[in-house]
Protein chains: 2
Amino acid sequence: MKRDSRLSSVLHALLHMAERGEPLTSEHLAECMGTNPVVVRRTMGLLRNVGLVQSAKGHAGGWSLAADLKAVTLRQLHEALGEPAVFAIGNRNENPDCLVEQSVNAVLDEAFAEAEALLLDRFGAITLADLSAEFSRRHAAHVKERKRNAS
Amino acid sequence: MKRDSRLSSVLHALLHMAERGEPLTSEHLAECMGTNPVVVRRTMGLLRNVGLVQSAKGHAGGWSLAADLKAVTLRQLHEALGEPAVFAIGNRNENPDCLVEQSVNAVLDEAFAEAEALLLDRFGAITLADLSAEFSRRHAAHVKERKRNAS
DNA sequence: GTTTCATGTAACTTCGTTTATTACAATACC
DNA sequence: GGTATTGTAATAAACGAAGTTACATGAAAC
């Protein structure tokens, strides 16, 4: 089953944008994410629709953040991407006549709903600032490690 | 995103098998599930591999339950099906060099792991007997409703 | 023992979805 | 004006899941 990795992609892109501070072109982002500039524009366009980023054409144009890192949650991003299906597993038929299947669906749906609620709740509690902090932590550890190896 | 509905399918099939008590052919099951006999054999074969059902060739052959309804959990079935990916969302690259992406992955993975643990936990607590009971409840309600409408 | 019914399984095809690509219009800056 | 960049439609490619065909195997009926 092929997974939707757009959330992961945009997070990657947004953090790079936050690091840099100047607009990054679709081409640059595409290269750094191993994809295509048009795909980047399509995806980032969804974030622009809800005001999370802005884009500029022409010289020195590109994409830049339009919101405070502390104010953007993963849940917002998930919603901006159109709330794609969370699960790769599901019912065969959502509205079956068969009572057996209806029973199966009801029980499965409940379990899925709980797990989805938990996930979205977690997403709602994680901000871009949290991710940025996680990066800083890893970056510091990385630098320290490199230093140790060099000496 | 296309979902893997095999868990839903096999539950449907297993409950029908439990209702009937006699072996059901792949063809019968396929018809009642809106699919193909070969697909049924492929899928049920996975359950046979772990001893949950048995199959018989020839006249009066077919598929029948080989375990107690109370002893079979959804989690076992999920495992028997090869533990297919639960989520339709995931990381773009599981082992990136980029520290930014590593940070993103780490945070996302943690959230997914929690939600998956919850789901599998729920699956572990639901048996075929529970589903059968749910069906009986719905069946009784259905019969009652039909009676009421007829009078 | 031959016919019929059913599973077992490999190989192939079809289908739907997602992603990538091409192409070109629109716009901003120098 | 020329160049860099986004915006977007249309198309192609890639992929995986499901469906299908074909045939071998085995068990029961007659």
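Only heavy atoms go into these numbers, but all of them, side chains included; no hydrogens, no water, no symmetry mates. The sequence lines fix the lettering, A, B, ..., with proteins before strands; numbering per chain opens at 1.
Nearest approach of B:Ala13 to B:Leu29, heavy atoms of both residues: CB-CD2, 4.1 Å. Of all heavy-atom pairs spanning A:Trp63 and A:Thr25, the tightest one is CD1-C, 4.3 Å. In terms of heavy-atom proximity, A:Thr127 sits nearest to A:Leu69 at CB-O, 3.7 Å. Of all heavy-atom pairs spanning A:Asn36 and A:Ala30, the tightest one is C-CB, 3.5 Å. Taking all atoms of both residues into account, the shortest heavy-atom contact from B:Ala66 to B:Gly51 is CB-O, 3.6 Å.
A donor atom on one side chain and an acceptor atom on the other are found under 3.5 Å apart for B:Arg48 and B:Ser55. A donor atom on one side chain and an acceptor atom on the other are found under 3.5 Å apart for A:Ser9 and B:Arg92.
Scanning residues 44-60 of chain A for heavy-atom distances under 4.0 Å to DNA chain C yields A:Lys57, A:Gly58, A:His59. For residues 4-35 of chain A, proximity to DNA chain C is found at A:Thr35, defined as any non-hydrogen atom under 4.0 angstrom from a strand atom.
Partners of A:Glu83 under the side-chain hydrogen bond (donor to acceptor under 3.5 Å, both in side chains) rule, at least two apart in sequence or in another chain, do not exist in this structure. Considering only residues two or more places apart in sequence or on other chains, B:His16 meets the side-chain hydrogen bond (donor to acceptor under 3.5 Å, both in side chains) condition with B:His12.
For the pair B:Asn36 CG and D:dA22 P, the interatomic distance rounds to 13 Å; values are reported in whole Å.
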In dot-bracket form, 5' to 3', how is DNA chain D paired? Count Watson-Crick and G-U wobble pairs only if both distances fall under 3.5 Å, and write | where the partner sits on another strand. ||||||||||||||||||||||||||||||

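Between A:Phe112 and B:Phe123, the ring-plane angle classifies as perpendicular under the 30° and 60° cut-offs.
In the 5' to 3' direction, nucleotides of DNA chain C lying under 4.0 Å from heavy atoms of chain B begin and end at C:dT4 to C:dT18.
No single ILVMFWY cluster, assembled from side-chain heavy atoms under 4.5 Å apart, contains both A:Leu118 and B:Leu74.
Inter-residue side-chain proximity for B:Pro84 and B:Arg6 is flagged as met; some heavy-atom pair is nearer than 4.5 Å.
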